[in-house]
Amino acid sequence: MKAKGTFTLLLTLVIAVGLSFVSYMGIDANHSLSARNIQQGLDLSGGVYIVYEADKEDVTPEEMQAAVSLIQGRLDWNGWTEAEVAQEGDKRIRVDIPGVENAEQAIQEIGQTAQLSFLDEAGAVLLTGDMVKDASKQVGAMQDGGTAEPYVALEFNDEGKARFAEATKNNIGKRIAIVMDDEIISAPVVQAAITDGHASITGQFSGESAEELASLIRAGSLPFNLNVIQMQNVGARLGADALQSGIIAGAIGLALVLLFMLVVYKLLGVAADIALIIYVALELILLNGLNITLTLPGIAGIVLSVGMAVDANVVIFERLKEELMEGKTLRLAIKNGFSRALPAILDGNVTTLIAAAILFFLGSGTVKGFATTLMMGIIISMFTALVVTRVIVYAMMHGGMHHPKYYGMRRK
């Protein structure tokens, strides 16, 4: 039993060191899963943020989603793949573009409205996006006996219906290109004249790609303009200083917590410290592995969840000491200590998790960054406190460290 306890303790230490190494160095030449590769938000890496507002009173969710798709597409076409686009409220869209220094230039590159057109093979404009009434993803069989597959359904207004009927009549067997901002987003072959104002774009679509194409087409026929109501540059130097300050604050806080647990809880503090190191390493690895954008409030969420992770261990250890004071054996005290602490830990963490989830779904920008790291930290901290710490404490007991004085208490 002693050998098993010693082996478990050594294995836990190896895991803690291994996770720490991965979180610092990564697992390959690209430093995958390393903290240095964590995607940084605008407030840390510098860049610009822009807030657009629709100049229409009643905007439908579909129209706003189309506008988001429009802006995201333009960002991708300009090579700003790290940029983020998110809807704020009912009429606003926020755009964060890391690494860009000139907000006005970014606005010019993104533009405010889409230019959608349908061109024949000679490049002549057959009809424009404002003649498209609706575009949507559908799933169905295009031929009798065929298999159901995703496609994009188009509906034209009265002018578009007449223009499209004439265009398809004159281009049977030829391609009509659907072009937005000089980029061809689809070029289907006309099979027959279409006179009912409805058309279908078929091809090797997945459900996601069909919805994306439909959103792009809807964006080209937005019945409103997007006006810039706010823009701001965030200097790269300011972001670097904020990141360095956040890292220093986090490191100091972690070191003080580790020292406090050692001084107050002795051997139990060692168990808590090992679990806490595993917790921090896991959080850094998951931030990279899940491509979560880290913001300055996100760092605050990590630091806060570190405190909550230690708080869970404190509750467990105090219950364990109460059991020892009542004269229970160490094995029974450990078992009862974890069992008695479980309801309080779950209640405290679940209520905080609910609050963080509300912040995530109703908040925006950096508020979401704080909520994301806090939620992830809570989940990981419960695992390390209830599982990792338990394994370490039992391993210490089985390894021969079973006298109550090692755990900060003496029997009465």
Side-chain angles (χ1 to χ4, degrees), residues 54-56 58-77 110-226:
D55 65 350
K56 180 184 176 184
D58 298 319
V59 185
T60 66
E62 292 76 15
E63 290 172 339
M64 289 302 297
Q65 182 57 49
V68 169
S69 298
L70 160 68
I71 295 176
Q72 187 66 66
R74 291 192 172 190
L75 291 169
D76 293 341
W77 293 334
I110 298 173
Q112 291 181 302
T113 57
Q115 299 296 324
L116 182 72
S117 57
F118 293 72
L119 310 179
D120 62 17
E121 292 183 347
V125 178
L126 302 175
L127 63 160
T128 54
D130 59 335
M131 301 175 190
V132 178
K133 185 177 180 181
D134 191 23
S136 61
K137 180 200 78 173
Q138 302 291 336
V139 178
M142 304 306 297
Q143 298 178 350
D144 292 339
T147 58
E149 57 185 20
Y151 66 93
V152 177
L154 301 179
E155 181 181 356
F156 299 95
N157 60 21
D158 292 339
E159 182 182 1
K161 176 180 177 181
R163 295 275 296 267
F164 195 68
E166 183 68 19
T168 53
K169 177 181 177 181
N170 296 332
N171 289 277
I172 294 176
K174 300 179 181 179
R175 292 186 180 275
I176 291 181
I178 304 174
V179 180
M180 185 161 65
D181 298 335
D182 299 323
E183 294 282 342
I184 297 177
I185 59 177
S186 183
V189 176
V190 179
Q191 304 293 337
I194 302 174
T195 60
D196 62 355
H198 293 80
S200 300
I201 303 175
T202 59
Q204 300 299 318
F205 286 120
S206 64
E208 182 178 349
S209 62
E211 179 58 43
E212 181 180 358
L213 176 56
S215 295
L216 286 173
I217 295 174
R218 289 196 302 268
S221 56
L222 290 177
F224 55 83
N225 290 324
L226 292 172

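Note: hydrogens, waters and symmetry copies are ignored here, and every other heavy atom, side chains too, is used.
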Check: Of the non-hydrogen atoms in Ala54 and Met64, which two are nearest, and what is the gap between them?
Finding: CB-SD, 4.5 Å

Next item on the list: Could you tell me which non-hydrogen atom of Pro150 sits nearest to which non-hydrogen atom of Gly207, and how far apart they are?
Entry: CG-N, 3.8 Å

Notebook entry, point to check: Do any pairs count as a side-chain hydrogen bond (donor to acceptor under 3.5 Å, both in side chains) and have a residue in residues 161-174, sequence neighbours left out, and if so which ones?
Noted result: Glu166-Asn170

Next item on the list: List the atom of Leu119, the atom of Leu126, and the distance in Å for their closest heavy-atom pair.
Entry: C-CD1, 4.1 Å

Check: Hey, are the side chains of Leu154 and Phe118 touching, using non-hydrogen atoms and a 4.5 Å cut-off?
Finding: yes

Check: Which residues satisfy the side-chain contact (heavy atoms from CB on, under 4.5 Å) test with Asp158, sequence neighbours excluded?
Finding: none

Margin query: Rounded at 0.5 Å granularity, tell me how far CD in Glu155 sits from NZ in Lys133.
Written below: 4.5 Å

Checklist line | Spacing of CG belonging to Asn157 relative to CG belonging to Leu127, to within rounding of 0.5 Å | finding: 9.0 Å

Notebook entry, point to check: With Ala162, which residues qualify under side-chain contact (heavy atoms from CB on, under 4.5 Å), at least two apart?
Noted result: none

